[in-house]
Peer 1: 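Structure incoming, see below.
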Amino acid sequence: MRCRCHALKLTSSRRIGLAIVWLLLLGVLGMWVSSRIQVSGDLRKFMPDARTPAQKLLLDELGEGPGARLLLVALSGAAPEQLAQQSRALREALASDAQFELVANGEQAGLEAFPEQLLPYRYLIDALPADAFSSANLGEELQARLQDLGSPAGGLIEPLLPSDPTLQVLRVAEALQPANAPQRIDDVWFDRAGKQALLLVQTHAAGFDPGAQQLAVDTINSSFAAIAGDSSSRIELSGPGAFSVKIGNRTASEAGMIGTLDTIGMILLLWFAYRSWKMPILGFLPLASAGLAGLCAVALGFDGVHGITIAFGFTLIGVVQDYPIHFFSHQRPGRSAWDNVRALWPTLGTGVIATCIAYLTFLFSGVDGLKQLSVFTITALATAALATRYLLPALIDPATRDFADSVWLARLWQHTQRLPRPRWSLAVLAGLAVAVVALAPGAFWQNDLGRLTPVDPQDLARDAQLRSELGAPDVRYLITVRGNDAQSALAASEQLRPALDALVANGELERYDMAARYLPSAATQRQRQQQLPDEATLRAALASAVAGTPFIDDAFAPFVADVMHARAAPPLQPADLHGTPLATAVDGLLLQGEGHAIALVSLSGLHDVAAVASTARLHGAQLLDMKQASESLVADYRSRVLLALAVAVLLLALTVGIALRSPRRVLRVLLPMLLTTLLVLAVLRGLGVELNLFHLIGLILAAGLGLDYGLFFEHAGDSHADQLRTLHGLLVCSVMTLLVFSLLGLSSIPVLRAIGSTVALGVVCNFVLALLISRHPLQEAGNAGA
């Protein structure tokens, strides 16, 4: 007896040692994955390839465009003069930081808009009158400067006189200011009420680079905190980067809280269900293995892992956790764990293979994000199943109880068997669901691309207000002018200006803006160079103008040098504007790619869409409706997903049919899943919910659970003992899954809420319908004591 006890003790120690080794290997793999994985938040990964110019422009702007890299900053809570001082200090602090491409607060309206290397180009950027350098005009300008010197502004004018007696730099700076630019108080931008100082900050990093945007936001906040000190002023940030940071932090916080509650709930549920502290640990091992294996596969097969893929991986707990639970519930005394898992494997393997085949269809969707989901899911499901089949039995202690002996399970199953088997009632239920889906008011699909990013409505309203204060144009309509390179696109857009001016004069359009307004094409700059006088002519005209003034003859030598420099300088190029205030305007309105360029014309106050569209077409341009482009892009994506789902359903049914080899048994397994999908759609539509990507993900997860429930109820066959063990396992699985996804359904994050509510509803419907449909009827149950 002593030897036998000692052998059992050694065996138990060996099991614990194997579990520890497994955990250590998972830790090593986790560290490798964390060092290699690169997380992406770019929603373009979950969009199909662009098929129209508007769609391509939309996707480009979503990720790398200047608009996606722009942060709007508002300072408030103090007196205007204090806010202006803090605005200047903040701009100075951020301008020297390499993270930021540009920081603007209105101070650049004067000379700062033209760094020293660009000052000579003031004669090429804006058109000059034909007599700009005649002796008569220069004489009038010098007389005006004499009056300026005697005015309160004399101190500001005097430094400009030697190089710019005509004050051309100020004229150009004023001409380049948007017509609806914010008001300036104490030389910095303020809102219309004069209570908020406004700044524009453009980051080098893309708007959907969450790590870089987090660092940029932290830098802005810490810089302002150092500047504000103990004053009452506060800072507010908006824009895509700020949204991504806020969403990421809130999602991480909620996910952490939900994950903690899930973990506690799972541990308590597994302990209560199996009365063993080991079961929560053993049940965790296949789950952790599945998640890490899925991440490894994506990290090796793709450049980066999308955040949605990782989030989806955590929701896989709804399917993967079921595998070890089924194994635990089917344990029985006197039979080895290996024999038990071997008997369970045909049913478990059928469900895994069918689900993997369903997800395999997403590899051919043409959407990079869905390909990631496919690789992650197939790898994770296969890993969890294989770990349950070939590793977990080595860690299980010999069973001491059989759930087939449970009195309360027997009573529950007896009551279930007495329920009438649904037949025609299912057809009625399906008909009602179809009617609700078809007749429910409101849009069926959510086509708004912006709502794929769960930004709070209050944040969107505030962002719109700040953009209005900063004079941002209408973001829905754009005119695009295409060219082989930047210069041809600029030249083509310049030809539009007279026609657009006519639209403004006729009241069909209020304002427009284009890159050529800030950076004329090289051809236009050369034409303006030819209008500049040679040195001898300019000196003669200047000498004649100076003769009637107190100025000395050589006082304006820097002015002559600048004009000669402008006359001989190479045309100004987009790259020459880097780091200047003009760069923001030009980069946002001139998109350059390999072998092509697009000049954009932003529009404000568009009153006659048809007239503007017609004018654009007449000049070889195109009016784009970005709202329509985003909706068509989402529709294209949805079509691909639905096609993949349709193929997946066929392959899944074929797999189950091959495994069960009986139409009746196949129907019993698949009918609960199909009917549940219809019921969940009916409930969502009845509640006025518009379906999006994340509802589809939830439906896919729910379908996988339904297949699992149907297969195991059908697998129990006419053995009363197996029926009770199956009932126990599915009760534990469904309660645990319901706990996980119900908590997700209570989240304030729309993405998590959509997945959680969809799957939680699917769990309830799948379990009830599988219990009623997939179980063997009473007449097939055989002897209750079998």
Peer 1: Side chains of H330 and T726: any donor to acceptor distance under 3.5 Å?
Peer 2: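 On atom types as modelled, these side chains qualify, holding a pair under 3.5 Å.
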
Peer 1: Give the C-alpha distance, both sets of side-chain angles, the deciding distance and a yes or no for side-chain contact (heavy atoms from CB on, under 4.5 Å) between L696 and L691.
Peer 2: CA-CA 8 Å; L696 289 178; L691 303 185; 5.7 Å; no

Peer 1: Can you confirm whether L23 sits close enough to F284 that some side-chain heavy atom of one is under 4.5 Å from a side-chain heavy atom of the other?
Peer 2: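 SC-SC contact between L23 and F284 confirmed.
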
Peer 1: Quick one: does L29's side chain get under 4.5 Å of L25's, heavy atoms only?
Peer 2: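 When only atoms from C-beta onward are counted, L25 and L29 do not touch, as no gap falls below 4.5 Å.
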
Peer 1: Does the pair F712 and L348 meet the rule for a side-chain contact (heavy atoms from CB on, under 4.5 Å), with working shown?
Peer 2: CA-CA 8 Å; F712 274 92; L348 184 63; 4.2 Å; yes

Peer 1: Decide, yes or no, whether a salt bridge links R332 with D405 under the criterion of side-chain N to carboxylate O below 4.0 Å.
Peer 2: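 So R332 does not pair with D405 through a salt bridge.
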
Peer 1: Search all heavy atoms of H204 against all heavy atoms of A98 and return the closest pair with its distance.
Peer 2: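 Scanning both residues, the minimum pair turns out to be CD2-O, 2.8 Å.
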
Peer 1: Minimum heavy-atom separation for S289 and T383, please, with both atom names.
Peer 2: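 Looks like O-CG2, 3.7 Å.
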
Peer 1: Without placing hydrogens or testing angles, list every side-chain donor-acceptor pair under 3.5 Å for residues 757-771, not counting sequence neighbours.
Peer 2:
{"unit_1": "S757", "atom_1": "OG", "unit_2": "R753", "atom_2": "O", "d": "2.7"}
{"unit_1": "S757", "atom_1": "OG", "unit_2": "A754", "atom_2": "O", "d": "3.4"}
{"unit_1": "T758", "atom_1": "OG1", "unit_2": "A754", "atom_2": "O", "d": "2.7"}
{"unit_1": "N766", "atom_1": "OD1", "unit_2": "T676", "atom_2": "OG1", "d": "3.0"}
{"unit_1": "N766", "atom_1": "ND2", "unit_2": "A702", "atom_2": "O", "d": "2.8"}
{"unit_1": "N766", "atom_1": "ND2", "unit_2": "G762", "atom_2": "O", "d": "3.0"}

Peer 1: Considering only heavy atoms from C-beta outward, does the side chain of T379 approach that of V298 to under 4.5 Å?
Peer 2: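 A side-chain contact under 4.5 Å is absent here.
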
Peer 1: As an exercise, state the distance from CG of L679 to CG of L684, rounded to the nearest 0.5 Å.
Peer 2: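 Atom-to-atom, L679:CG and L684:CG are 11.0 Å apart.
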
Peer 1: Check whether any side-chain heavy atom of L654 sits under 4.5 Å from a side-chain heavy atom of I357, and report yes or no.
Peer 2: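 L654 does not reach I357 side chain to side chain.
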
Peer 1: Out of curiosity, I396 CD1 to K278 NZ, how far, rounded to the nearest 0.5 Å?
Peer 2: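 Going from CD1 on I396 over to NZ on K278, the span is 9.0 Å.
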
Peer 1: Between A297 and V375, what is the shortest heavy-atom contact and its length?
Peer 2: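 Distance-wise, the nearest heavy atoms are CB-CG1, 3.7 Å.
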
Peer 1: Measure the spacing between SG of C733 and CG of L738 and express it to the nearest 0.5 Å.
Peer 2: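 Separation between the atoms: 12.5 Å.
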
Peer 1: Between T377 (side chain only) and S374 (backbone N and O only), is there a donor and an acceptor less than 3.5 Å apart?
Peer 2: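 Absent.
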
Peer 1: Are I325 and L270 close enough, and set up right, to give a side-chain contact (heavy atoms from CB on, under 4.5 Å), and what steps lead you there?
Peer 2: CA-CA 9 Å; I325 289 175; L270 288 175; 4.1 Å; yes

Peer 1: Taking all heavy atoms of D97 and all of Q99, pick out the closest pair and write down the distance.
Peer 2: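 What the structure gives for the nearest pair is OD1-N, 2.9 Å.
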
Peer 1: Assess the residue pair V352 and L386 against the criterion (side-chain contact (heavy atoms from CB on, under 4.5 Å)); give the C-alpha distance rounded to whole Å, side-chain angles, the decisive distance to 0.1 Å, and a yes or no.
Peer 2: CA-CA 10 Å; V352 173; L386 293 174; over 6 Å; no

Peer 1: Less than 4.5 Å apart, any side-chain heavy atom of L670 and any of L652?
Peer 2: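 They are in contact (side-chain heavy atoms under 4.5 Å apart), so the answer is yes.
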
Peer 1: Hey, are the side chains of I658 and T350 touching, using non-hydrogen atoms and a 4.5 Å cut-off?
Peer 2: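 Of all side-chain heavy-atom pairs linking T350 with I658, none is under 4.5 Å.
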
Peer 1: For a quick test of reading the model, state the closest non-hydrogen atom pair linking G283 to P324 and the distance between them.
Peer 2: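 G283 and P324 have their closest heavy atoms at O-CG, 3.9 Å.
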
Peer 1: CG of L395 to CZ of R14: how many Å apart, nearest 0.5 Å?
Peer 2: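 Rounded to the nearest 0.5 Å, the CG-CZ separation comes out at 12.5 Å.
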
Peer 1: Please examine the side chains of H326 and D708, heavy atoms only from C-beta on, and report whether any two atoms are closer than 4.5 Å.
Peer 2: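 Result yes, sub-4.5 Å side-chain heavy-atom pair found.
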
Peer 1: Mark yes when over 12 heavy atoms from residues, nucleotides or ligands other than W338 sit less than 6.0 Å from its CH2; otherwise mark no.
Peer 2: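 Yes - once you tally the heavy atoms of other residues, nucleotides and ligands closer than 6.0 Å, there are more than 12.
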
Peer 1: Please enumerate all residues that pass ring-ring contact (aromatic ring centres under 6.0 Å, His included) together with Y274, with sequence neighbours excluded.
Peer 2: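 With sequence neighbours excluded, Y274 shows a ring-ring contact (aromatic ring centres under 6.0 Å, His included) to F328, F403, H728, given in chain and number order.
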
Peer 1: Would the distance check show the side chain of H695 and the main-chain N or O of N692 forming a donor-acceptor pair, the cut-off being under 3.5 Å?
Peer 2: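 Between the backbone of N692 and the side chain of H695 there is a qualifying donor-acceptor contact (under 3.5 Å).
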
Peer 1: Taking the side chain as every heavy atom from C-beta outward, state whether L412 and L727 have any pair of such atoms under 4.5 Å apart.
Peer 2: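 L412 vs L727: side chains touch.
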
Peer 1: Would you compute the distance between atom CZ of R15 and atom CD1 of I20 and round it to the nearest 0.5 angstrom?
Peer 2: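 It is 14.0 Å, given to the nearest 0.5 Å.
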
Peer 1: Please round to the nearest 0.5 Å and tell me the distance separating atom CD1 of I353 and atom CG of L651.
Peer 2: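 One gets 13.0 Å once the value is rounded to the nearest 0.5 Å.
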
Peer 1: Locate the shortest heavy-atom distance separating V656 from A354; write the atom from each residue and the value.
Peer 2: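 Closest approach of V656 to A354: CG2-CB, 4.3 Å.
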
Peer 1: Are the side chain of H715 and the backbone of L711 linked by a donor-acceptor contact shorter than 3.5 Å?
Peer 2: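 Between the backbone of L711 and the side chain of H715 there is no qualifying donor-acceptor contact (under 3.5 Å).
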
